[in-house]
Amino acid sequence: MDYLKLLCEDSNLAIGYMSSEGECGRIAESIDDLIHLLVYSICWHDYCDASQYTDISTLEAYANERHDEIASYTEMDVWETVVQALGMPLEVNVAAELQKFYDAAHRAPLYICYFHEDDGTVTESQNLFF
């Protein structure tokens with residue numbers, strides 16, 4: 001994973017993401033938002049189903065379901081140690097953090113990357129959300 005600070009065409013700073021698989025987009029509006037997303041969603045890439053962001057109750061159910069699944073195979077005691085070392089609360093509204101992520105990723109202008117392939121073709125990046 002590659003994260004980068006980028007200056008968008010609308011002159012706002014944001015945090016961008018580019019994967020080696022061709023995905024890219026704006027992931028957060030600030031370093032604080034990025035840290036909260038990474039810490040509280042644990043596996044942020046597992047929360048990219050845009051159909052789950054239709055309203056707050058759907059998003060909360062999605063966040064809870066995904067968190068429970070991720071927690072079933074994650075060493076949560078290690079996670080708690082990291083959260084405490086960062087001075088962050090253990091309990092947080094994950095849906096609120098995810099909504100910030102969604103809003104950043106969908107803010108216009110969209111962040112798009114073009115990959116220049118060895119054969120001379122140009123491939124446009126895929127969005128973070130599906």
Side-chain angles (χ1 to χ4, degrees):
M1 283 187 266
D2 292 322
Y3 297 97
L4 58 135
K5 190 171 183 179
L6 53 105
L7 180 61
C8 296
E9 136 183 344
D10 61 358
S11 299
N12 288 323
L13 288 175
I15 308 300
Y17 168 81
M18 292 174 47
S19 77
S20 59
E21 289 79 33
E23 295 173 310
C24 84
R26 189 181 295 106
I27 192 169
E29 298 295 350
S30 68
I31 293 293
D32 286 345
D33 285 352
L34 177 64
I35 291 170
H36 282 98
L37 175 67
L38 296 176
V39 168
Y40 290 123
S41 67
I42 303 174
C43 298
W44 69 266
H45 207 271
D46 289 344
Y47 293 91
C48 292
D49 183 352
S51 69
Q52 301 299 312
Y53 290 76
T54 56
D55 59 69
I56 193 62
S57 61
T58 302
L59 182 55
E60 285 175 347
Y62 177 60
N64 292 335
E65 175 188 319
R66 298 298 306 141
H67 183 270
D68 290 346
E69 183 177 334
I70 293 165
S72 73
Y73 60 80
T74 301
E75 294 184 37
M76 295 306 288
D77 56 331
V78 173
W79 175 83
E80 288 180 11
T81 302
V82 170
V83 173
Q84 290 171 341
L86 292 171
M88 299 168 69
L90 290 174
E91 297 296 322
V92 70
N93 181 348
V94 176
E97 299 300 326
L98 292 174
Q99 188 64 56
K100 285 192 238 177
F101 166 48
Y102 181 86
D103 292 344
H106 288 87
R107 181 169 57 82
L110 290 179
Y111 177 64
I112 300 170
C113 182
Y114 297 94
F115 298 94
H116 296 265
E117 309 295 344
D118 290 338
D119 65 1
T121 60
V122 176
T123 304
E124 185 175 308
S125 63
Q126 300 169 11
N127 293 326
L128 296 177
F129 280 82
F130 51 88

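Along the sequence shown, the residues carry numbers beginning at 1. As a basis for the values below, the full set of heavy atoms in this structure was taken, side chains included, without hydrogen atoms, waters or symmetry mates.
With sequence neighbours left out, H36 forms a ring pair (Phe, Tyr, Trp, His ring centres under 6.0 Å) with Y40. A search for side-chain hydrogen bond (donor to acceptor under 3.5 Å, both in side chains) contacts involving E23 returns H45, not counting sequence neighbours. For the side-chain contact (heavy atoms from CB on, under 4.5 Å) test, residues two or more places apart in sequence or in another chain that qualify with D55 are S57, T58. E75 is linked by a side-chain contact (heavy atoms from CB on, under 4.5 Å) to D77, V78, counting only residues two or more places apart in sequence or in another chain. For D49, the side-chain contact (heavy atoms from CB on, under 4.5 Å) partners are S51, Q52, Y62, F130, not counting sequence neighbours. With sequence neighbours left out, the side-chain hydrogen bond (donor to acceptor under 3.5 Å, both in side chains) criterion links E65 to no other residue. N93 pairs by the side-chain hydrogen bond (donor to acceptor under 3.5 Å, both in side chains) definition with nothing, not counting sequence neighbours. Taking the side-chain contact (heavy atoms from CB on, under 4.5 Å) definition, one finds that C43 meets it with D46, I70, Y73, sequence neighbours left out. Partners of D103 according to the side-chain hydrogen bond (donor to acceptor under 3.5 Å, both in side chains) rule, which considers only residues two or more places apart in sequence or in another chain, are Q99.
Taken to the nearest 0.5 Å, the CD atom of E97 stands 11.0 Å off from the CG atom of L38. How far CG of L34 is from CD1 of I15: 6.0 Å, rounded to the nearest 0.5 Å.
With S19 contributing its side chain and E21 its backbone, the two residues share a donor-acceptor pair below 3.5 Å. With hydrogens and angles disregarded, a donor-acceptor distance shorter than 3.5 Å links the side chain of R26 to the backbone of A104.
Every pair passing ring-ring contact (aromatic ring centres under 6.0 Å, His included) that includes a residue from residues 83-104 is listed here, sequence neighbours excluded: W44-F101, Y53-Y102, F101-F129, Y102-H106, Y102-F129. The salt bridge (charged side-chain N to carboxylate O under 4.0 Å, His left out) contacts involving residues 119-130 comprise nothing, where partners must be two or more places apart or lie in separate chains.
A donor-acceptor contact under 3.5 angstrom links the side chains of T123 and E117, judged on distance only.
Nearest heavy atoms, C48 versus L128: CB-O, 3.3 Å. Across A95 and L59, no two heavy atoms sit closer than the pair O-CD2, 3.4 Å.
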